[in-house]
Undergrad: 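Quick one: the structure is below, and I'll ask about it shortly.
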There are 2 protein chains.
Amino acid sequence: MTDRKRTTGRRTRGKATAPDAGERAFLETYDPGAFPRPSVAVDVAAMTTRDGDLHALLVRRGEHPHRGRWALAGGFVGIQESLDDAAARVLRTKAGLPGIFLEQLYTFGAPDRDPRTRILSVAYYALVDADRLRKACAATEGVVLARLRTSWKGEAGGPVEALDPEGMAMPLAFDHADILGMAVKRLRGKLDYSPVGFQLLPPLFTLRQLQDVHEAVLGRRLNKDSFRRSVVTKGLVAATGEMERDVPYRPAGLYRYAMPEDA
Amino acid sequence: MTDRKRTTGRRTRGKATAPDAGERAFLETYDPGAFPRPSVAVDVAAMTTRDGDLHALLVRRGEHPHRGRWALAGGFVGIQESLDDAAARVLRTKAGLPGIFLEQLYTFGAPDRDPRTRILSVAYYALVDADRLRKACAATEGVVLARLRTSWKGEAGGPVEALDPEGMAMPLAFDHADILGMAVKRLRGKLDYSPVGFQLLPPLFTLRQLQDVHEAVLGRRLNKDSFRRSVVTKGLVAATGEMERDVPYRPAGLYRYAMPEDA
DNA sequence: TGAATAGTGTCTATAAGACAATATCCC
DNA sequence: GGGATATTGTCTTATAGACACTATTCA
């Protein structure tokens, strides 16, 4: 194992300090190519809920390695590109999805996770409403929306399976079953205390739709009365006064996401 | 922005699939040096609670860049070393702390975060009991335990300040104030639903000590009765029957961490 | 005995689950 | 009207905060 002088980061947030004379001299003689470096990629788990289950966008690999298997949308990080920018670019260029909610998930770095060379993957998850993600998949060859099946409950964690429309397991490339598992776990955890679930719905939605989203993510049924009460009394949603239309039953009120007062 | 064929990871968990003939041929011709790559480091925020506040281990930088400032323990990731292994090695070799609870936190990748070259930092946080971390700091030159002050409440997030024993702010290197802020935020979030707080205490502890740890991490006072009830009824701790000794008041019962039944 | 903290019991307020009753749409 | 779902109201139960009271140690 190598161990040498540490070298990490400059202050962000505009507080970067000007290097003094000694530091300038050091930087001029610094050789960045002195040690072997891994490649760094981003992989994006773009997810939505549909028919009561979580779904994710998968891309069929047309090239080696793992040709023919299904993978998350991914790509290398440019040498002058931030990680967030790289993830947004991948989602925009590989799936035609600009302006999507994205959050960093975890960095996968097992030395043998890619057969070519050492490649780290900084994984992101993205939340998209179902209509938009369905259209994006239909518009691009080799891109599908796969149903996810978790064999574990709650936030225990573990890999997830991707299923095609016939319910057959789709072979996943690399460690992407683990990345998807981490995404589902994170999403379940976030849903309890964070308004992240609204990213999976259109701007106006009914309380039933919101509950369906929560149930799909959590993988279990929720109490209808409690769910309604908690989401309304916490002020997470606001009634718009508008109603559903063209439904074969009593139309429900339409709500919109309401940022709680502290944010 | 570059955009090229994705290349991410091989399946971990022992499910790696043998490459077929076409894939073997591809791998033999793959050139891993075709594109510029960033350096990758790990930085470890080793934390404990003491005198009612969170503290973190900091190392005084003796070399450029940011010489004289205070930094987290860090180091480059070896080309064949996993990220978890690198973090554990850094904590062991730079701070003399083997066998510590470590968890990946977030990956910091702003292009200008290090003045030398593009360096990503995969940040980890470590939880140590106060005695052990204090002894480790005393044993190594240039390593101190700094009190942390958060200017934000709850899980709002943001950078944190490190204070020396006189309460003066210590200048932090790179973006390490942000990394520490993320560590505090994560720890606060975890404490609500995860038994991670026990990592900050010796194996036997009183309920008061456990509550002190929670209050130091969360930065607010908790209700004594509710805290005791919730931690006991949830089965997170088990009474040992032993008692505190040599205290100038009624000795409290000593408890130990009890893994809940589902794990 | 007094100071200090541990530990117990009880009351109350709040939130969650269960369930019944009523309202409103389309057919 | 009948079927389906929305919406409201009430009862019950679990949990958290508040607070009073007793217990045990050392000085």
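So that the names make sense, note that chain A is the first sequence line, chain B the second, and so on, each numbered from 1.
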Undergrad: Is a side-chain donor-acceptor pair under 3.5 Å present for A:Tyr125 with A:Glu103?
TA: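 Result is yes, a qualifying pair exists.
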
Undergrad: Atom NZ of B:Lys224 to atom P of C:dT8: distance rounded to whole Å?
TA: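 From B:Lys224 NZ to C:dT8 P: 10 Å.
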
Undergrad: Considering only heavy atoms, which members of residues 207-221 of chain A lie under 4.0 Å from some atom of DNA chain D?
TA: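 Here the set is A:Arg208.
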
Undergrad: What's the NZ-P distance between A:Lys234 and C:dT14, to the nearest Å?
TA: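 Result: 16 Å.
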
Undergrad: Find which nucleotide of DNA chain C each of B:Arg228 and A:Ser230 is nearest to by heavy atoms, and output the residue with the more 5' nucleotide.
TA: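 Looking at the nearest nucleotide for each, B:Arg228 comes out on the 5' side.
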
Undergrad: Minimum heavy-atom separation for A:Ala46 to A:Leu91, with atom names?
TA: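 Taking A:Ala46 first and A:Leu91 second, the nearest heavy atoms are CB-CD1, 4.0 Å.
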
Undergrad: Looking at OG1 of A:Thr49 and CG of A:Asp129, how far apart are the two atoms once the value is rounded to the nearest 0.5 Å?
TA: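 Reported to 0.5 Å precision, the distance equals 9.0 Å.
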
Undergrad: Got a donor-acceptor contact below 3.5 angstrom from the A:Thr240 side chain to the A:Leu254 backbone?
TA: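 Between the backbone of A:Leu254 and the side chain of A:Thr240 there is a qualifying donor-acceptor contact (under 3.5 Å).
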
Undergrad: Cut-off 3.5 Å, no hydrogens considered: what does the side-chain donor-acceptor table look like for residues 153-161 of chain B, sequence neighbours left out?
TA:
{"unit_1": "B:Glu161", "atom_1": "OE1", "unit_2": "B:Arg149", "atom_2": "NE", "d": "3.2"}
{"unit_1": "B:Glu161", "atom_1": "OE1", "unit_2": "B:Arg149", "atom_2": "NH2", "d": "3.0"}

Undergrad: Less than 3.5 Å apart, any donor N or O on the side chain of A:Arg188 or A:Thr150 sitting next to an acceptor on the other?
TA: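 Their side chains do contain a donor-acceptor pair, which is all the 3.5 Å distance test asks for.
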
Undergrad: Would you please test A:Asp225 and A:Arg228 for salt bridge (charged side-chain N to carboxylate O under 4.0 Å, His left out) and show each step?
TA: CA-CA 5 Å; A:Asp225 313 88; A:Arg228 158 181 294 267; over 6 Å; no

Undergrad: At under 4.0 Å between heavy atoms, how does the protein contact nucleotides 17-27 of chain C? Give one character per nucleotide, 5' to 3', with B, S or -.
TA: BBB---BBBS-

Undergrad: Has A:Glu244 got a side-chain atom pairing as donor or acceptor with A:Ala252's backbone, closer than 3.5 angstrom?
TA: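 The answer is yes, because a donor-acceptor pair under 3.5 Å joins these two groups.
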
